[in-house]
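Structure record follows, encoded as structure tokens.
Quick note on labels: first sequence line is chain A, next is B, and so on, each numbered from 1.
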Amino acid sequence: MRSKLLSLTMALLRNSDGLGIRPTTPWGRRILFGSLAVGIPAYIYATVSLVQLMYDSLLVLDQTGVLISWGLAAASLLLLLISVVHVVSSFYFSVDVENLLYLPVRPWEIVGAKFLNTLAYQYFLTTLILLPVLGVYGAKSGFSLLYVLYSLVVILLIPILPLAVGSVLVIGIMRYANVSRYKDLVKTVAGVLAIFAVFVLSALLQRFGDEITMEQLEELIAVGNNSLIAITNRMFPTAAWAANALLQPDLGHGLVNLLVFAAISLVSFGLLLWFGERLYLRGVIGLTETGSRRLSPALDLTSAAVQHRPLNTYLLTELRLLFRTPVYFLNCVLMNLVWPVIAVIAGMAGDESINLAAEWLRNEAGPGMLLSSSLALLTFLNGTNAITPTAISREGSSFFIKKYIPMDVRHQLTAKVLSGFLLGCTALVGLLLLAIGFLELSPALAASLVVLGWLPAALTSYFGLLIDLFNPKLQWDSEQRAVKQNMNVLYTMAASAMVSAAVGYGGYRLAWGLLPTALAAGGFYVGLTALCAFLVYTKGAAAFHSLEG
Amino acid sequence: MLELTGLHKTYGKSVKAVDDLDLTVNKGEIFGFIGPNGAGKTTTIKMITGIINPDSGSIKVNGISLNADPLGAKQQIGFVPDTPSMFLRLKGIEYLNFMGDMYSVSTADRQARIEHLAKEFDLTRVLADPIQSYSHGMRQKIIVIGVLLHQPPVWIMDEPMTGLDPRSSFTLKQMMREHADLGNTVFFSTHVLEVAEKLCTRVAIINKGRILFCGGMESMREHFRTHASLENIFLELTSDAE
Ligand SMILES: Nc1ncnc2c1ncn2[C@@H]1O[C@H](COP(=O)(O)OP(=O)(O)O)[C@@H](O)[C@H]1O
Ligand SMILES: [Mg+2]
């Protein structure tokens with residue numbers, strides 16, 4: 001029995017493409033090595049200095065333990081959130097699920113194997129988050145052998161419970177979502193619901209913290225001796241045992257805490273298997289078929305079959321696939337639609353911090369700086385738009401179609417850019433709503449935002465497509481692999497963050513008036529966008545031509 | 001009309017998939033491209049349709065060079081690939097409109113042809129359904145309809161009979177006949193000799209990237225009889241009628 005679980009896990013692991021960073025083209029290799037060479041030292045430098053700063057400030061209050069407690073709790077919360085998305089894709093939308101269903105294995109064995117696979121991926125993330133925290137704390141407080149040992153055990157254990165909770169949540173929701181004819185739609189909604197549920201869950205967890213008054217807080221701080229842990233531990237209750245073990249790495253109290261934490265993690269895994277055995281199959285069976293076919297009403301061809309311009313049809317088809325494929329919708333579309341909603345909710349809630357921000361903006365920052373920082377914000381938000389960085393990758397094994405149709409490659413690329421651009425502009429709409437509706441910005445500023453605000457979306461869309469043209473990920477067997485674990489999304493995000501930082505910092509240092517800022521920023525964005533567009537239509541089109549899928 | 005001269009394609013460094021291939025297919029012909037699995041049929045077809053680029057050699061479609069005027073050449077072609085799992089998230093009618101727009105088919109022509117072809121293949125009822133809900137054979141058929149919308153002067157199919165039931169297979173063969181009789185070129189590949197019999201005007205036998213024979217069905221049988229060394233190939237092509 002156990003060997004079945006293990007061999008299934010190994011088979012799935014072998015069949016996966018690791019972190020998805022294996023480059024497929026010489027260009028991909030260059031981009032990857034370049035980013036790693038810059039990215040890893042930059043990441044280590046940034047995180048270590050940030051954690052050191054936090055440690056030093058906490059040291060003054062005699063609250064350094066908060067670092068560990070908060071780090072573990074925050075990591076657990078983040079892992080919980082990521083788990084839900086991972087589980088939805090890997091337990092339900094992955095093509096290999098179909099091949100597993102007719103194997104002579106129990107549902108719990110499939111769930112277990114899938115769980116362990118997802119876990120393996122999460123260890124990478126866990127290490128990335130926790131290593132700086134545990135490392136700096138260890139170094140500052142003097143390493144002991146037990147501390148290092150306990151750290152290793154904690155890193156191994158910490159993703160288990162969030163992933164188990166996330167899995168149970170998703171398995172439960174999917175059991176009831178897998179009902180109707182509109183499976184894709186329901187699945188998408190279920191995915192959104194699961195993410196939402198996690199938000200609610202984490203909000204509930206933190207509510208415990210709210211009951212503490214300012215006075216109590218001051219008292220706690222005054223006590224020193226890591227007393228604040230009482231609060232941070234509540235962020236994710238089970239992480240407290242792990243934190244206690246690391247703060248007292250001895251064979252008494254510390255070991256007991258570590259053992260309790262291990263027991264809880266393992267029990268949660270066991271509970272998941274029990275749960276999966278009962279509910280998984282009913283959620284997954286029939287998921288890949290589109291439900292029973294209804295008798296469609298006879299199609300009226302006079303309205304249903306009409307000629308349109310190729311570019312429009314191509315764009316419409318791109319958008320249809322983005323909205324209809326659950327994994328694409330969750331990963332590429334949803335993020336874009338979230339921004340305006342957040343902006344409106346934040347504005348309507350009349351949040352104190354927004355009012356303060358508005359006040360500060362009106363008084364302190366000149367309109368030029370407001371414009372540059374708005375553009376910087378838009379660039380950053382648009383950088384998270386995963387549509388064009390996966391536009392070629394998403395074609396997968398169907399890429400060949402785009403090579404035999406008689407449509408100019410450059411027009412095809414334009415349609416792909418437009419698909420990202422149109423959805424990217426929702427971020428602009430969100431910001432404008434917030435800016436005009438709630439921050440009461442001057443008409444001149446609002447007007448220059450309207451004129452210039454779409455440029456970041458154009459820039460990031462062209463840039464994302466450029467990257468994907470040179471480093472597409474076409475060999476995949478399930479849609480999630482095309483968009484998740486696709487490094488091109490990260491590259492685009494990183495590049496946009498850099499442009500965003502440059503614009504924000506430049507605007508702050510120069511502190512020009514509105515018109516000079518608008519002219520300079522406009523020139524900057526138009527120039528960069530034109531460069532990317534030029535590269536897309538020349539080098540990118542050539543790369544498209546030589547791609548053989 | 002299809003003119004292939006000196007085509008070469010090597011995958012990686014060593015796999016010679018197509019090796020110095022010359023072939024001319026005339027207007028009005030149904031041409032069978034026959035060879036065992038791995039012979040290089042799909043590779044050849046992918047080069048003709050512009051999906052992959054030949055290492056050397058030239059391709060002309062109705063006199064238009066694929067290299068010099070790729071869009072013009074592609075416009076001449078209707079291509080049915082060997083896998084019917086495409087456009088699964090589109091509805092049948094959406095896929096047909098996509099193809100119609102790509103090949104600039106006017107609204108009037110489009111409506112008439114969809115109506116006719118869908119009836120012929122018995123798909124009228126399901127045009128509003130997602131292709132994902134179609135069976136293998138239905139997917140194959142909707143793709144054929146999409147390809148025929150622009151009445152391609154050169155109709156290319158990669159293993160088109162695989163997965164079709166006898167009735168649909170019969171309908172498809174009939175369509176190929178009609179299409180060729182209108183003066184168009186029909187070119188299809190198969191790994192089953194039987195499929196080509198009766199239907200084809202001429203055939204070519206390909207193995208390991210090289211053409212072993214090109215000519216009419218009768219002379220092909222004669223050729224196999226007189227060349228004992230080809231017996232193995234012949235057995236491979238006739239053993240598993242699919
Ligand atoms: N993308 C590819 N990469 C490497 N080798 C390939 C690729 N596609 C086909 N081949 C090889 O080229 C040869 C011809 O394949 P193919 O044209 O698909 O044959 P057929 O369609 O006649 O069955 C085979 O040996 C096959 O293994
Ligand atoms: Mg083939």
Task: chain B contacts, top residue of Val409(A), Leu316(A), Ile401(A) (heavy-atom pairs, under 4.5 Å) - done: Ile401(A)

TODO: Return the option, out of His308(A), Met407(A), Arg309(A), with the maximum number of heavy-atom pairs under 4.5 Å with chain B.
DONE: His308(A)

Task: Min side-chain heavy-atom separation Glu318(A)-Leu418(A) under 4.5 Å - done: no

TODO: Identify which of Leu96(B), Thr83(B), Thr49(B), Leu88(B) forms the greatest number of heavy-atom pairs closer than 4.5 Å to chain A.
DONE: Thr49(B)

TODO: Take Phe79(B) and Phe187(B) through the ring pair (Phe, Tyr, Trp, His ring centres under 6.0 Å) test and state the conclusion after the steps.
DONE: CA-CA 10 Å; Phe79(B) 171 45; Phe187(B) 179 92; over 10 Å; no

Task: Contacting moiety of Asp408(A), where chain B heavy atoms sit under 4.5 Å - done: both

Task: Partner residues of Asp22(B) under the salt bridge (charged side-chain N to carboxylate O under 4.0 Å, His left out) criterion, sequence neighbours left out - done: none

Task: Atom group of Leu321(A) that falls short of 4.5 Å from chain B, counting heavy atoms - done: side chain

Using distance only, find each side-chain donor-acceptor pair of residues 66-77 of chain B under 3.5 Å and give its atom names and separation, not counting sequence neighbours.
from: Asp69(B); atom 1: OD1; to: Gly72(B); atom 2: N; distance (Å): 3.0
from: Lys74(B); atom 1: NZ; to: Lys403(A); atom 2: O; distance (Å): 2.6
from: Gln75(B); atom 1: NE2; to: Tyr103(B); atom 2: O; distance (Å): 3.2
from: Gln76(B); atom 1: OE1; to: Asn62(B); atom 2: ND2; distance (Å): 2.9

- [ ] Select one option (side chain, backbone, both, neither) describing which atoms of Tyr95(B) are under 4.5 Å from chain A's heavy atoms.
- [x] neither

Task: Heavy-atom side-chain proximity of Phe188(B) to Ile34(B) below 4.5 angstrom - done: no

Task: Salt bridge Glu548(A)-Lys9(B), side-chain N to carboxylate O under 4.0 Å - done: yes

Task: Engaged part of Thr302(A) at the chain B interface, taking heavy atoms whose separation is under 4.5 Å - done: both

